[in-house]
Amino acid sequence: MSVSTARQRRTEENLAVEQTSPKEFLDADGNPAIAVDCIRMSYTCRPECTVVTFTGIRGGLDLYTAPVFRDRLRDLVAGGCGDMVIVLVDIGYVDETALGVLVFVHKRLRLTGRRVRLVDAGPGSHIRKLVRQTGMTSIFPLFDRLEDALAELAGSGAGMDEAARARGGRTAPAEHRARSGGPPGT
């Protein structure tokens with residue numbers, strides 16, 4: 001291996017570490033937040049639950065960013081965060097590593113009788129497709145809007161029709177076909 005190749009590899013490794021180093025700050029609303037690479041996670045503790053919001057300038061939750069967010073989510077769960085609503089509307093994609101983090105959070109919350117809900121970008125989103133393809137819709141109820149997820153957690157079901165309340169806010173296959181023009185899971 002040449003000296004320039006070794007130097008380039010060390011530079012790439014240092015860049016990867018620098019990109020995945022978390023930066024903590026307060027978001028525009030004064031909520032605690034953490035940023036890794038181009039992905040931000042902020043959270044708000046509400047009386048009914050903790051709302052965790054992921055936003056991204058580009059990219060998504062992946063092998064490089066997921067471990068940092070897993071540690072922060074683990075701390076929130078250990079701190080007694082209550083039920084959790086995770087908002088992924090502004091995230092382009094979630095890979096299998098990040099899905100594993102969501103399963104981790106689900107299992108930790110379930111141990112204490114708490115629940116997790118996901119809010120994504122709607123029927124055609126990558127996240128919704130991934131959750132459906134992996135058969136995890138039973139553990140991750142999916143909502144189009146934060147208000148619907150909060151209403152379901154509160155038990156009121158406000159903002160949802162009767163059929164949606166019966167499904168826990170999830171989109172029914174017929175509704176999905178009508179909105180996306182394709183079969184469920186597409």
Side-chain angles (χ1 to χ4, degrees), residues 20-22 24 31-37 39-56 59-123 125-157 160 164-172 176 184-185:
T20 58
S21 298
E24 296 189 36
N31 299 315
I34 184 170
V36 177
D37 198 11
I39 307 296
R40 291 186 209 136
M41 179 189 100
S42 62
Y43 57 94
T44 305
C45 297
R46 297 177 178 215
E48 67 275 19
C49 66
T50 297
V51 177
V52 178
T53 303
F54 285 94
T55 55
L61 295 173
D62 58 18
L63 174 68
Y64 301 105
T65 58
V68 175
F69 294 121
R70 180 197 60 230
D71 293 344
R72 183 54 49 99
L73 289 167
R74 182 192 61 226
D75 294 344
L76 283 172
V77 171
C81 66
D83 290 334
M84 189 176 286
V85 175
I86 300 176
V87 180
L88 299 163
V89 173
D90 293 329
I91 296 295
Y93 67 90
V94 171
D95 75 0
E96 295 79 13
T97 306
L99 188 59
V101 169
L102 297 175
V103 170
F104 168 82
V105 169
H106 163 74
K107 288 180 177 181
R108 291 287 174 106
L109 287 171
R110 190 179 66 190
L111 289 173
T112 58
R114 296 176 284 170
R115 304 170 287 173
V116 64
R117 301 293 185 258
L118 299 180
V119 177
D120 70 346
S125 78
H126 168 77
I127 296 159
R128 190 165 294 213
K129 289 178 186 177
L130 181 62
V131 169
R132 285 188 175 153
Q133 289 171 349
T134 56
M136 295 190 180
T137 54
S138 62
I139 65 169
F140 293 121
L142 295 162
F143 296 86
D144 295 340
R145 301 178 323 134
L146 174 61
E147 295 78 16
D148 294 340
L150 294 173
E152 192 272 337
L153 279 171
S156 70
M160 291 185 280
R165 275 194 296 281
R167 290 186 310 280
R170 295 182 296 275
T171 304
H176 176 76

Here the ring pair (Phe, Tyr, Trp, His ring centres under 6.0 Å) pairs for residues 71-96, sequence neighbours left out, are none
Quick one, K107 with L111, criterion side chain to side chain contact (heavy atoms under 4.5 Å, CB included). Give me CA distance, side-chain angles, the key distance, then yes/no.
CA-CA 6 Å; K107 288 180 177 181; L111 289 173; 5.8 Å; no
Taking all atoms of both residues into account, what is the closest heavy-atom pair of L63 and D95, and its distance?
N-OD2, 3.0 Å
Gap between atom CG of D144 and atom CZ of R128 - 0.5 Å precision
4.5 Å
What I'd like to find out is whether the side chain of V101 reaches to under 4.5 Å of the side chain of L61, using heavy atoms alone.
no
Heavy-atom pair with the smallest gap, counting every atom of L109 and G82
CD2-O, 3.5 Å
Test M136 against L102 for side chain to side chain contact (heavy atoms under 4.5 Å, CB included), laying out the working first.
CA-CA 11 Å; M136 295 190 180; L102 297 175; over 6 Å; no
Partner set under side-chain hydrogen bond (donor to acceptor under 3.5 Å, both in side chains) for R108, not counting sequence neighbours
none
Give the C-alpha distance, both sets of side-chain angles, the deciding distance and a yes or no for side chain to side chain contact (heavy atoms under 4.5 Å, CB included) between H106 and I139.
CA-CA 8 Å; H106 163 74; I139 65 169; 3.7 Å; yes
Show your working on salt bridge (charged side-chain N to carboxylate O under 4.0 Å, His left out) between R40 and D90 and close with a plain yes or no.
CA-CA 10 Å; R40 291 186 209 136; D90 293 329; over 6 Å; no
Please report the interatomic distance CZ(F143) to CD1(I86), rounded to the nearest 0.5 Å.
12.5 Å
Compare every heavy atom of G113 with every heavy atom of D83, then report the nearest pair and how far apart it is.
OD1-O, 4.5 Å
Note: G56 and I91 closest approach over all heavy atoms is N-CD1, 3.9 Å
Between I39 and F69, is a side chain to side chain contact (heavy atoms under 4.5 Å, CB included) present by the stated rule, with each step listed?
CA-CA 10 Å; I39 307 296; F69 294 121; 3.8 Å; yes
Just how far is it from atom CG of D120 to atom CZ of F140, taken to the nearest 0.5 Å?
12.0 Å
Can you confirm whether the side chains of D37 and T65 place a donor and an acceptor under 3.5 Å from each other?
no
Is any side-chain heavy atom of Y43 closer than 4.5 Å to one of I34?
no
Measure the spacing between CG of L130 and CD1 of I127 and express it to the nearest 0.5 Å.
8.5 Å
Looking at residues at least two apart in the chain, or sitting in another chain, which of them share a side-chain hydrogen bond (donor to acceptor under 3.5 Å, both in side chains) with R114?
T112
Taking all atoms of both residues into account, what is the closest heavy-atom pair of A98 and A66, and its distance?
CA-CB, 3.9 Å
Rounded to the nearest 0.5 Å, what separation is found between the CZ atom of R132 and the CG atom of L142?
7.0 Å
Run the side-chain hydrogen bond (donor to acceptor under 3.5 Å, both in side chains) test against T44 and tell me which residues pass, sequence neighbours left out.
N31
Output side-chain donor-acceptor pairs under 3.5 Å for residues 72-81, partner residues at least two apart or in another chain, one line each.
residue	atom	partner	partner atom	Å
R72	NH2	E24	OE2	3.0
R74	NH1	D71	OD1	3.2

The criterion is side-chain hydrogen bond (donor to acceptor under 3.5 Å, both in side chains); which residues satisfy it with T53, sequence neighbours excluded?
none
Using side chain to side chain contact (heavy atoms under 4.5 Å, CB included) as the criterion, point out the one residue from E152, M84, R110 that pairs with R115.
E152
